[in-house]
Amino acid sequence: MSMQRKKSIMTKYDKSAQRSVKRAMHKLNEGSLKSGKSGKRVISRKQAIAIGLSEARRKGAKAPTK
């Protein structure tokens with residue numbers, strides 16, 4: 001697959017969405033990232049990314065749907 005075609009297929013994320021994910025990853029590494037209602041500590045990298053994207057979507061950032 002050519003690079004130009006690959007670029008058009010990739011999902012686009014807003015800068016604010018990237019910042020939100022970066023903040024969530026930072027909190028994960030600190031050990032202070034908590035999940036939704038239960039408030040349990042998050043230890044999964046994938047879950048931290050999901051939390052960051054979810055927060056970005058709530059703020060109205062351009063992030064693809066789940």
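Everything quoted here is computed from the prediction, not taken from an experiment.
Residues Ala48 and Leu33 share a closest heavy-atom pair of CB-CD2, 3.6 Å. Closest approach of Lys34 and Gly39 over heavy atoms only: CD-O, 3.1 Å.
The structure places CD of Glu55 at 12.0 Å from OG of Ser16, a figure rounded to the nearest 0.5 Å. To the nearest 0.5 Å, atom CG of residue Leu28 and atom CZ of residue Arg23 are 11.5 Å apart. If you take CD on Glu30 and CE on Met25, they are separated by 12.5 Å, rounding to the nearest 0.5 Å. With rounding to the nearest 0.5 angstrom, the CD1 atom of Ile49 is 9.0 Å from the NZ atom of Lys46.
Listed for the Ser20 side chain is no donor-acceptor partner under 3.5 Å among the backbone atoms of Leu53.
Arg19 meets the side-chain hydrogen bond (donor to acceptor under 3.5 Å, both in side chains) test with no other residue; sequence neighbours excluded. A search for side chain to side chain contact (heavy atoms under 4.5 Å, CB included) contacts involving Ser35 returns Ser38, Lys40, Val42, Gln47, not counting sequence neighbours.
No side-chain heavy atom of Asp14 sits less than 4.5 Å from a side-chain heavy atom of Gln18.
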